[in-house]
Amino acid sequence: MAKKKEISVEEKLRTLFDLQLIDARIDEIRNVRGELPLEVEDLKDEVAGLNKRLEKLNIDLEGLNQNIADKKNAIEESKALIKKYNEQQKNVRNNREFNAISKEIEFQELEIELAEKHIREFKAQIEHKNEVITATQEKIEARQDHLQHKQDELDEILSETEREEKALIEKSEDFKKGIETRLVTAYERIRGSVKNGLAVVPVERGASGGSFFTIPPQVQMEIASRKKIITDEHSGRILVDSQLAEEEREKMNELFKKF
């Protein structure tokens with residue numbers, strides 16, 4: 001079995017810094033998108049919710065119209081019964097029969113009054129439902145317009161960056177394969193713990209990038225020698241010297257131009 005090639009500390013530092021530059025570029029692309037993907041999803045959910053509400057309102061409206069139709073049918077049935085009872089009254093044999101039929105007629109008249117009252121109530125509900133439906137439709141149109149605007153904005157950004165982001169992600173994975181697992185794990189842990197995602201930073205003006213804490217001259221010399229991996233005692237970031245950082249930036253900038 002072939003022996004795995006030993007990688008120098010300097011090569012590890014260069015690869016780690018290159019990986020950082022790639023991941024920082026991915027972060028930059030995603031920051032350009034910002035909250036847009038979430039905004040688009042939220043708007044889609046809102047529009048879907050409004051459409052569902054509109055569907056329910058229309059079902060309620062159909063129910064109210066059916067209720068009115070049922071009450072109108074009931075009124076016609078009561079009117080038919082009243083007509084029948086009026087004819088029966090002409091042929092009654094005694095007051096008891098006459099009074100019984102009169103009560104039936106009175107009951108049907110009350111049924112008609114109650115049905116007409118319900119119809120008025122249903123019509124008032126229909127009027128209110130129609131107002132709510134109109135307002136909901138207007139809101140749906142407004143949110144759909146806003147959604148389309150945001151979707152177009154997102155699509156434009158994606159069309160400009162999606163190919164580059166995909167290529168960078170693949171390149172990031174390739175670079176990780178060239179680094180031992182423990183270093184990748186440490187790198188990702190540091191990236192996840194710092195606000196700006198910078199796990200590997202150069203020494204600039206005697207301090208680690210993004211920090212105001214001065215690094216002792218002796219430590220700066222050790223960093224510049226590239227003989228071992230050194231971390232900042234305050235932030236935990238991996239440190240590289242500024243010359244190495246500049247060389248790798250130039251190299252990676254040429255790579256980024258190809259995407």
Side chain of [X], backbone of [Y]: donor and acceptor closer than 3.5 Å?
X	Y	answer
Glu254	Lys251	no
Gln20	Ala199	yes
Ser235	Asp232	no
Arg237	Ile190	no
Asp241	Leu244	yes
Glu97	Val92	no
Gln220	Ile215	yes

Between [Y] and [X], do the side chains contain a donor N or O and an acceptor N or O under 3.5 Å apart?
X	Y	result
Gln66	Asp70	yes
Thr134	Gln137	no
Glu55	Asn51	no

Should we count [atom1] of [X] as having more than 12 external heavy atoms under 6.0 Å?
X	atom1	value
Phe98	CZ	no
Glu10	CD	yes
His128	NE2	no
Lys12	NZ	yes

*For side chain to side chain donor-acceptor pair (under 3.5 Å), just list the numbers for Glu77 and Asn73, CA-CA rounded to whole Å, side-chain angles, deciding distance to a tenth of an Å, and then say yes or no.*
CA-CA 6 Å; Glu77 289 172 6; Asn73 288 335; over 6 Å; no
*In Å, rounded to the nearest 0.5 Å, how long is the span from CZ of Arg25 to OG of Ser172?*
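Answer rounded to 0.5 Å: 14.0 Å.
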*Distance (rounded to the nearest 0.5 Å) between Asp45 CG and Lys52 NZ*: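 One gets 11.5 Å once the value is rounded to the nearest 0.5 Å.
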*List the steps, then state whether side chain to side chain donor-acceptor pair (under 3.5 Å) holds for Glu62 with Asn58.*
CA-CA 6 Å; Glu62 287 176 13; Asn58 282 316; over 6 Å; no
*Could you tell me whether Lys176 and Glu173 have a side-chain N and a carboxylate O separated by less than 4.0 Å?*
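Salt bridge: yes.
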*Can a salt bridge be assigned to the pair Asp23 and Arg30 using a cut-off of 4.0 Å between side-chain N and carboxylate O?*
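Salt bridge: no.
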Less than 4.5 Å apart, side chain to side chain, heavy atoms only: is that true for [X] and [Y]?
X	Y	value
Val240	Arg14	no
Lys166	Glu162	no
Lys228	Ile230	yes
Ile157	Val32	yes

*asked:* Test: salt bridge (Lys or Arg N to Asp or Glu O under 4.0 Å). Region: residues 122-131. Which pairs qualify, not counting sequence neighbours?
replied: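 Applying salt bridge (Lys or Arg N to Asp or Glu O under 4.0 Å) to every pair that reaches into residues 122-131, excluding sequence neighbours, yields Asp60-Lys129.
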Count I, L, V, M, F, W, Y as connected when their side-chain heavy atoms are under 4.5 Å apart, and connections chain through other members. Are [X] and [Y] then in the same cluster?
X	Y	answer
Leu110	Ile75	no
Val9	Ile179	yes
Leu57	Val47	no
Val200	Phe213	no

*Let me see the working for Asp152 and Gln148 under side chain to side chain donor-acceptor pair (under 3.5 Å), right down to the final yes or no.*
CA-CA 6 Å; Asp152 290 345; Gln148 190 60 56; 2.8 Å; yes
Donor-acceptor pairs under 3.5 angstrom involving side-chain atoms of residues 112-122: please list them, not counting sequence neighbours.
none

